[in-house]
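Below is one structure, written out as structure tokens; the observations come after it.
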Amino acid sequence: VQLVESGGGSVQTGGSLRLSCVVSGYTANSLGMGWFRQAPGKEREPVATVDHDGRATITDSVKGRFTIFKDNGRNTLYLQMNRLKPEDTGMYYCAAAPRPYGGSWSHFGLVEYEYDYWGQGTQVTVSS
């Protein structure tokens, strides 16, 4: 499985970006997937996840502003980011899991060890 992110950039507070993660070597609709981010000097943290059936989990810090979804026809995962804030600045990573850690998709995706594959990341910078 290979994951290639794109769509990052520099925007002002209140702006929008859409991140893409193209999947190759596997069918996206069979994968659990997620977006994580890492701000300078901080630990990597989960942003949003979607299981193999498309059920999404959004973390509280971005709830109401970010949306995660898969386009199975394009074999691509997206993260639509609206009303961006300076604290959203960081490197954003796409991750994929062909099977659920522990055997169940219940409560999937907020921990890094659940994922087997990672992209190289795309930088998002939000200025005030």
Side-chain angles (χ1 to χ4, degrees):
V1 179
Q2 288 190 320
L3 307 174
V4 179
E5 304 101 329
S6 64
S10 296
V11 296
Q12 292 189 322
T13 297
S16 297
L17 286 171
R18 176 176 287 190
L19 306 184
S20 301
C21 173
V22 177
V23 180
S24 59
Y26 215 91
T27 304
N29 67 0
S30 297
L31 294 168
M33 301 190 72
W35 288 98
F36 287 70
R37 68 185 179 188
Q38 187 167 21
K42 294 189 175 181
E43 300 271 324
R44 191 156 59 183
E45 63 177 4
V47 175
T49 74
V50 58
D51 71 12
H52 70 309
D53 277 340
R55 286 181 292 261
T57 299
I58 309 293
T59 58
D60 288 344
S61 61
V62 302
K63 194 167 289 183
R65 300 187 296 122
F66 291 13
T67 304
I68 184 171
F69 59 99
K70 284 192 274 183
D71 182 333
N72 294 325
R74 296 180 183 270
N75 226 33
T76 301
L77 175 73
Y78 295 96
L79 184 69
Q80 178 66 43
M81 306 187 294
N82 297 328
R83 302 200 306 276
L84 282 159
K85 304 176 181 180
E87 51 263 45
D88 295 318
T89 293
M91 186 70 77
Y92 282 68
Y93 298 91
C94 171
R99 64 197 62 81
Y101 187 87
S104 171
W105 289 109
S106 178
H107 304 298
F108 165 76
L110 295 178
V111 184
E112 290 190 35
Y113 60 67
E114 297 182 70
Y115 297 90
D116 298 294
Y117 303 99
W118 292 82
Q120 292 300 305
T122 185
Q123 177 68 36
V124 171
T125 303
V126 185
S127 57
S128 57

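Numbers for residues simply follow the sequence, beginning at 1.
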Margin query: Under the criterion side chain to side chain contact (heavy atoms under 4.5 Å, CB included), I'd like the reasoning laid out for Val23 against Leu77: C-alpha separation, chi angles, the key distance, then a yes or no.
Written below: CA-CA 8 Å; Val23 180; Leu77 175 73; 5.6 Å; no

Item checked: Heavy-atom pair of closest approach, residues Ala48 and Ile58 -> CB-CD1, 3.6 Å

Check: Which residue pairs satisfy the side-chain hydrogen bond (donor to acceptor under 3.5 Å, both in side chains) criterion with at least one member in residues 35-44, sequence neighbours excluded?
Finding: Arg37-Glu45, Arg37-Asp88, Arg37-Tyr92, Arg44-Glu112

Notebook entry, point to check: Hey, what do you get for OG1 (Thr89) to CD (Gln123), rounding to the nearest 0.5 Å?
Noted result: 7.5 Å

Next item on the list: Tell me, with the steps shown, if Met81 and Leu19 meet side chain to side chain contact (heavy atoms under 4.5 Å, CB included).
Entry: CA-CA 8 Å; Met81 306 187 294; Leu19 306 184; 3.7 Å; yes

Note to self: In terms of relative ring orientation, are Tyr78 and Phe69 parallel, tilted or perpendicular, with 30° and 60° separating the classes?
What the structure shows: parallel

Check: Are any side-chain N or O atoms of Glu5 and backbone N or O atoms of Cys94, one a donor and one an acceptor, separated by less than 3.5 Å?
Finding: yes

Item checked: Short side-chain to backbone donor-acceptor contact, Asn72 and Asn75, under 3.5 Å -> no

Next item on the list: Can you spot which of Asn82, Thr59, Leu84 makes a side chain to side chain contact (heavy atoms under 4.5 Å, CB included) with Phe66?
Entry: Leu84

Next item on the list: Could you tell me if the ring centre of Tyr117 sits under 6.0 Å from that of Tyr26?
Entry: no

Check: What distance separates Ser128 OG from Gln12 CD, expressed to the nearest 0.5 Å?
Finding: 9.0 Å

Check: With no hydrogens and no angle check, is any side-chain donor or acceptor of Gln80 less than 3.5 Å from a backbone partner on Arg18?
Finding: no

Item checked: Same cluster (ILVMFWY, side-chain, under 4.5 Å), Met91 and Ile68 -> no

Next item on the list: Determine whether Leu79 and Tyr115 fall in the same hydrophobic cluster, where Ile, Leu, Val, Met, Phe, Trp and Tyr are linked whenever their side-chain heavy atoms lie under 4.5 Å apart.
Entry: no

Item checked: Residue list, side-chain contact (heavy atoms from CB on, under 4.5 Å) with Ser24, at least two apart or on another chain -> Gln2

Notebook entry, point to check: Are Val124 and Met33 connected, step by step, through hydrophobic side chains (Ile, Leu, Val, Met, Phe, Trp, Tyr) whose heavy atoms are closer than 4.5 Å?
Noted result: yes

Checklist line | Side chain to side chain, Leu31 and Pro98, heavy atoms closer than 4.5 Å | finding: yes

Margin query: Quick one, Val126 and Glu87 - any side-chain contact, counting heavy atoms below 4.5 Å?
Written below: no

Note to self: In the structure I gave you, are the side-chain heavy atoms of Val22 and Arg74 within less than 4.5 Å of one another anywhere?
What the structure shows: no

Note to self: Quick one: does any side-chain atom of Thr13 pair with a main-chain N or O of Ser127 as donor and acceptor, under 3.5 Å?
What the structure shows: yes

Item checked: Ser30 and His52: CA distance, side-chain angles, deciding distance, side chain to side chain contact (heavy atoms under 4.5 Å, CB included) verdict -> CA-CA 5 Å; Ser30 297; His52 70 309; 5.7 Å; no

Next item on the list: Please round to the nearest 0.5 Å and tell me the distance separating atom OG1 of Thr57 and atom NE2 of His107.
Entry: 9.5 Å

Item checked: Enclosure of Gln120 CD (heavy-atom neighbours >12, cutoff 6.0 Å) -> no

Notebook entry, point to check: Heavy atoms, side chains only, cut-off 4.5 Å: are Phe108 and Asp53 in contact?
Noted result: no

Notebook entry, point to check: Is the side chain of Lys70 donor-acceptor paired with the backbone N or O of Ala28 at a distance under 3.5 Å, no angle test?
Noted result: yes

